[in-house]
Amino acid sequence: QVQLVESGGGLVQPGGSLVLSCAASGSIFSIYFMRWYRQAPGKQRELVASITGGGSTNYADSVKGRFTISRDNTKNTMYLQMNNLKPEDTAVYYCNAAVSPRVASAPEDYWGQGSQVTVSS
């Protein structure tokens with residue numbers, strides 16, 4: 001079994017910064033893409049940023065230039081550096097990863113438990 005554990009959420013003032021972490025543990029042979037999603041109250045879950053195993057990244061237009069996704073493959077951990085935060089960034093942030101638990105096994109989809117980010121003065 002694979003677990004994704006998130007940390008780093010909290011309350012921050014507009015213009016502030018936070019870093020989210022997502023650590024994968026358990027039976028892991030390889031981690032393919034990793035992604036951050038978010039869901040605000042009353043809204044659908046949306047993709048914020050993604051990163052491949054080779055480090056290629058993509059971002060939602062709403063966070064480009066403010067958020068940076070990265071990963072440390074030696075630690076099976078993904079990060080989301082969030083700068084110049086705005087009230088509209090308030091949401092529960094979820095990490096997602098495609099993980100092969102064994103050699104030659106197809107990747108499976110896993111989710112973190114969610115981390116609340118609140119941007120408010």
Side-chain angles (χ1 to χ4, degrees):
Q1 194 60 278
V2 174
Q3 298 83 37
L4 300 182
V5 177
E6 301 178 34
S7 59
L11 172 65
V12 65
Q13 292 187 342
S17 298
L18 280 176
V19 179
L20 299 179
S21 299
C22 173
S25 62
S27 177
I28 299 172
F29 171 69
S30 182
I31 302 177
Y32 297 91
F33 66 80
M34 301 185 81
R35 296 169 175 162
W36 287 102
Y37 286 81
R38 68 185 180 186
Q39 187 166 20
K43 295 188 176 181
Q44 289 188 331
R45 189 172 297 190
E46 64 172 346
L47 178 63
V48 176
S50 63
I51 186 167
T52 67
S56 297
T57 60
N58 274 292
Y59 298 92
D61 287 343
S62 59
V63 306
K64 279 181 182 177
R66 300 188 297 121
F67 290 11
T68 303
I69 188 172
S70 61
R71 62 191 284 175
D72 184 338
N73 292 331
T74 66
K75 298 180 179 179
N76 290 331
T77 300
M78 171 178 64
Y79 306 94
L80 186 67
Q81 172 72 49
M82 302 183 291
N83 296 328
N84 190 22
L85 282 159
K86 304 176 180 181
E88 52 263 41
D89 294 318
T90 296
V92 178
Y93 285 70
Y94 297 90
C95 65
N96 167 248
V99 181
S100 288
R102 297 169 299 280
V103 174
S105 66
E108 301 171 15
D109 214 26
Y110 293 91
W111 290 86
Q113 79 282 8
S115 185
Q116 177 69 47
V117 171
T118 302
V119 185
S120 176
S121 55

Considering only heavy atoms from C-beta outward, does the side chain of [X] approach that of [Y] to under 4.5 Å?
X: Asn96; Y: Phe33; value: yes
X: Tyr59; Y: Arg66; value: no
X: Phe67; Y: Val48; value: yes
X: Trp36; Y: Met78; value: yes
X: Pro87; Y: Pro14; value: yes

Which heavy atom of [X] sits nearest a heavy atom of [Y], and at what distance?
X: Pro101; Y: Ala106; answer: CD-O, 4.1 Å
X: Ala40; Y: Thr90; answer: CB-O, 3.6 Å
X: Asn83; Y: Ser17; answer: OD1-OG, 2.9 Å

- prompt: So, is the end of the Arg45 side chain (NZ or CZ) under 6.0 Å from the ring centre of Trp111 and within 45° of the ring's axis?
  reply: yes
field: Arg35 to Tyr37 six-membered ring, cation-pi geometry met (6.0 Å, 45°)
entry: no
message: Could you check whether atom CD of Glu88 has more than 12 heavy atoms from other residues, nucleotides or ligands sitting under 6.0 Å from it?
response: yes
- request: Treat each ILVMFWY residue as a node, draw an edge where side-chain heavy atoms are under 4.5 Å apart, and state whether Val117 and Leu4 are in one component.
  value: yes
message: Hydrophobic cluster membership, with links at side-chain heavy-atom distances under 4.5 Å among I/L/V/M/F/W/Y: are Met34 and Val92 in one?
response: no
message: For a salt bridge (Lys or Arg N to Asp or Glu O under 4.0 Å) check, start with the C-alpha distance between Asp89 and Lys86, then their side-chain angles and the critical distance, and finish with the verdict.
response: CA-CA 5 Å; Asp89 294 318; Lys86 304 176 180 181; over 6 Å; no
query: side chain to side chain donor-acceptor pair (under 3.5 Å) with Glu46: which residues, sequence neighbours excluded?
result: Arg38
message: Donor-acceptor check, side chain of Ser105 to backbone of Val103, threshold 3.5 angstrom: yes or no?
response: no
- prompt: For the side-chain contact (heavy atoms from CB on, under 4.5 Å) test, which of Ile69, Leu20, Thr68, Val19 pairs with Met82?
  reply: Leu20
query: So, Gln81 and Tyr79: side-chain donor and acceptor under 3.5 Å apart, yes or no?
result: no
- request: Please round to the nearest 0.5 Å and tell me the distance separating atom OG of Ser7 and atom CD of Gln113.
  value: 8.5 Å
